[in-house]
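Structure first, then comments.
Since the model is a prediction, treat every value here as computed from it, not as a measurement.
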Amino acid sequence: MDTAGGRRVPAVGVGHPAEFVVDRADRAGAVRSRVHRLDQFANLLGYNVALPDDRNQAGEPVYYAGSTLAADLSLPRIRERFTTTPAEAHHTANHETDGNRHKPSAATTARRSATHAAWAALRTFDQDGDGATAARITATGEILDALAMTSATDTRQQLREAAWVFERARLSHTRAEHRHGQALRLAARELLYSGPARGRGEDGATTAMLIDTLCFLMLAAAHWHDQRRHAQQAEAARQAAARLRTAYATTAEAPLALLQEQGRQIIRPVRDWYALQVHVALPDLADSVIAEPGWPALVATMAQTEQAGHDPRTLLAEAADLRELDSASSVSDVLTWRLRRMADLPADATHPRHGQSSSYTSTAQTPRQPVPSRPRR
C-alpha cells in the first residue's frame, strides 16, 4: 500500500484487521485504536496512526485516520481485504504430499505453494472482471514483497527493486474485489513466515520456479493496464518483470545446468522420441523449442515426468495453453519449470526421487505410449 505522502505500507504477512493495526504500530511508531468488546470477542471499530517524524509544536504525535493517508487504509477496506473464507484458505493447502520425498524445508514448501497460487491466478487472471484482476495484481505484489524479504542475498536486491517498481502497477481507480486475491495473499504470508531461503538446492530451484511464474503475472498485469490506457502502471509492471528476469538468471543457472547435463546423457533415440512428442503437443512451437539451448533440460524433465507416471505430451499441451508464452526469452525453460510443477517433481534434480532415474540410459526402457512414426532404436 502507498500513503498519500509516498510511504510504502506493506501488508504482507497480515491476516486480520487487528493484526494489521498492531503491525502498523511496529512500523509507524504509534497507533491509537477504538475497540468495542462483546463477551470474549474484540471488534475493531477504528484506528488512527501517527508517523514517527510527524509531530506538532508540543512534540506530540499527529494522528491521522487511515482513510486520510490512503483509500486502501480505511477500516472498511482493510476488513474487506483480510476476510478469508475456509474454502479460499483450503486452496493454498500444502501441496507436498509425496511420502517418498525427503521432507522439504519450510522455505521450499512455501515457494511451491506460492507457485501453485500464482499459476492459478495466471490461468484466471482477467476472467472474473476488473475488480478481481485488480485484486490479483495487488496480491501479486504481496508475493513479491514476501519473496524479497526471505530470499538469498544474491537476488535480494533485484527482488526488492522489482517489488518497489511494481508498487506503481498495483495502483488503479478500479476497486479491488480482494476475495479473488486471497489465495495469493495466504501464499505470501506463508512465504514470510517460512523464514529465509538458501540460494542453492531445492530452496534456490523453487525460488527460480516461482520467479518464472511471477514474471508472467507481471506481463499479464502490464497487458491489462495497457488495455485500459494505464500507461504508468503498465510500464511499471514491465520494469518489474525485467528486474525479475535478472534475479531469475541468477537462481535458475545451477538447477537448469544440472538438468541440461542429464538431458545430454539421454540416448539419442529417446531424445528423438521426446522431440516427436513436442511436435505432436506443440506443432507451432516445436521447432523453436528444440533449437533452444534449454532443450536438453526439457528432455530430462519429460523423462522424469513420464517415470513419475504422467503423460508428458498432455502436460506439455496444458503448460503451453496460457497467455504470454511467446514473450519468454526461453520457451523451453518455461516449459521445464511448468512440467516440474505440474508433475510435482523436485525443482532441484540433484537427488531424484527413490526409484526414479534422472535419464534414460542405453540400458533403460524406451518410453511407453507408442504413436505412429515412433523412432526405431
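Closest of all the heavy-atom pairs between G263 and A300 is N-CB, 3.7 Å. What you find for R185 and A139 is that their closest heavy atoms are CG-CB, 3.6 Å. Nearest approach of A236 to V165, heavy atoms of both residues: O-CG1, 3.2 Å. A146 approaches A188 most closely through the heavy-atom pair CB-O, 3.4 Å. Residue A135 comes nearest to H178 through the heavy atom pair CB-CA, 3.8 Å, listed as atom of the first residue, atom of the second, then distance. Contact detail for A107 and S194: the closest heavy-atom pair is CA-OG, 3.7 Å.
Salt-bridge formation is not detected for the pair D145/R160: no Lys NZ or Arg NE/NH1/NH2 atom is positioned less than 4.0 Å from an Asp or Glu carboxylate oxygen. R313 has no carboxylate O lying under 4.0 Å from a charged side-chain N of E318, or vice versa, which leaves the two without a salt bridge.
Listed by chain and number, the residues in a side chain to side chain donor-acceptor pair (under 3.5 Å) with T206 amount to none (sequence neighbours excluded). The side chain to side chain contact (heavy atoms under 4.5 Å, CB included) search around L339 returns L298, T301, M302, T305, L315, L316, A319, not counting sequence neighbours. Every residue two or more places apart in sequence or in another chain was checked for a salt bridge (charged side-chain N to carboxylate O under 4.0 Å, His left out) with E253, and none qualifies. Applying the salt bridge (charged side-chain N to carboxylate O under 4.0 Å, His left out) rule to R268 yields the partners D272; only residues at least two apart in sequence or on another chain are considered. Residues forming a salt bridge (charged side-chain N to carboxylate O under 4.0 Å, His left out) with D333 (at least two apart in sequence, or on another chain): none. Residues forming a salt bridge (charged side-chain N to carboxylate O under 4.0 Å, His left out) with E292 (at least two apart in sequence, or on another chain): none. Remark: R238 pairs with D226 by the side chain to side chain donor-acceptor pair (under 3.5 Å) rule, at least two apart or across chains. For A247, the side chain to side chain contact (heavy atoms under 4.5 Å, CB included) criterion is met by T155, Q158, L159, I211, not counting sequence neighbours. Annotation: side chain to side chain donor-acceptor pair (under 3.5 Å) contacts of N56 (sequence neighbours excluded): E60. Listed by chain and number, the residues in a side chain to side chain donor-acceptor pair (under 3.5 Å) with Q57 amount to none (sequence neighbours excluded).
Ring geometry for H230 versus H225: interplanar angle of 30 to 60°, hence tilted.
When side chains are defined from C-beta on, R111 does not count as touching M209, because their heavy atoms never get closer than 4.5 Å. Residues L184 and E142 fail the side-chain proximity criterion, which asks for heavy atoms closer than 4.5 Å. Looking at Q260 and Q265, their side chains never come closer than 4.5 Å, going by heavy atoms from C-beta outward. In this structure, the side chains of W119 and R338 come closer than 4.5 Å at one or more pairs of heavy atoms. When side chains are defined from C-beta on, M218 counts as touching T140, because their heavy atoms get closer than 4.5 Å. Within the 4.5 Å cutoff, the side chain of L258 has heavy atoms near those of the D348 side chain. Q277 places none of its side-chain heavy atoms less than 4.5 Å from the side chain of P312. Under the 4.5 Å side-chain criterion, counting only non-hydrogen atoms from C-beta, T336 is in contact with R340.
Rounding to the nearest 0.5 angstrom, the gap separating the NE2 atom in H116 from the CG atom in L210 is 11.0 Å. Interatomic distance, OG of S330 versus CG of L256, reported as 8.0 Å (0.5 Å rounding). Rounding to the nearest 0.5 Å gives a distance of 13.0 Å between OG1 of T138 and NE2 of H180. Expressed to the nearest 0.5 Å, how far CG of L144 lies from CZ of F166 amounts to 7.5 Å.
In terms of modelled atom types and a separation under 3.5 Å, the side chain of R341 and the main chain of T115 share no donor-acceptor contact. In this structure, the side chain of Q157 does not engage the main chain of T153 through any donor-acceptor pair within 3.5 Å. Between the side chain of S113 and the backbone N or O of T109 there is at least one donor-acceptor pair closer than 3.5 Å. Between the side chain of Q262 and the backbone N or O of A349, at least one donor-acceptor pair lies under 3.5 Å.
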Legend entry - Residues R245, C215; criterion side chain to side chain contact (heavy atoms under 4.5 Å, CB included); working and verdict: CA-CA 7 Å; R245 288 193 183 101; C215 279; 4.1 Å; yes
Inset, instruction - Decide side chain to side chain contact (heavy atoms under 4.5 Å, CB included) for D128 and R136; before the verdict, give the C-alpha distance in whole Å, the side-chain angles of both, and the deciding distance to 0.1 Å. - result: CA-CA 11 Å; D128 301 306; R136 291 179 181 124; 2.6 Å; yes
Legend entry - Full working for salt bridge (charged side-chain N to carboxylate O under 4.0 Å, His left out) between R112 and E202: CA-CA 10 Å; R112 291 195 78 98; E202 189 72 4; 3.5 Å; yes
Inset, instruction - Determine, stepwise, if the pair F125 / I137 fulfils side chain to side chain contact (heavy atoms under 4.5 Å, CB included). - result: CA-CA 9 Å; F125 187 74; I137 291 174; 3.6 Å; yes
Inset, instruction - Go through the steps for D130 and R228 under the test side chain to side chain contact (heavy atoms under 4.5 Å, CB included), then give the verdict. - result: CA-CA 10 Å; D130 284 357; R228 285 147 189 81; 2.9 Å; yes
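Within the structure, every pair that satisfies the salt bridge (Lys or Arg N to Asp or Glu O under 4.0 Å) test and touches residues 203-219, not counting sequence neighbours, is listed here: R198-D203. The salt bridge (Lys or Arg N to Asp or Glu O under 4.0 Å) analysis of residues 254-263, with sequence neighbours excluded, yields the pairs E261-R264.
Defined by atom type and a distance below 3.5 Å, a donor-acceptor pair is missing between the side-chain atoms of T150 and R156. With no hydrogens or angles considered, no side-chain donor-acceptor pair links R168 and Q239 at under 3.5 Å. In this structure, a donor-acceptor pair under 3.5 Å is present between the side chains of W337 and Y248.
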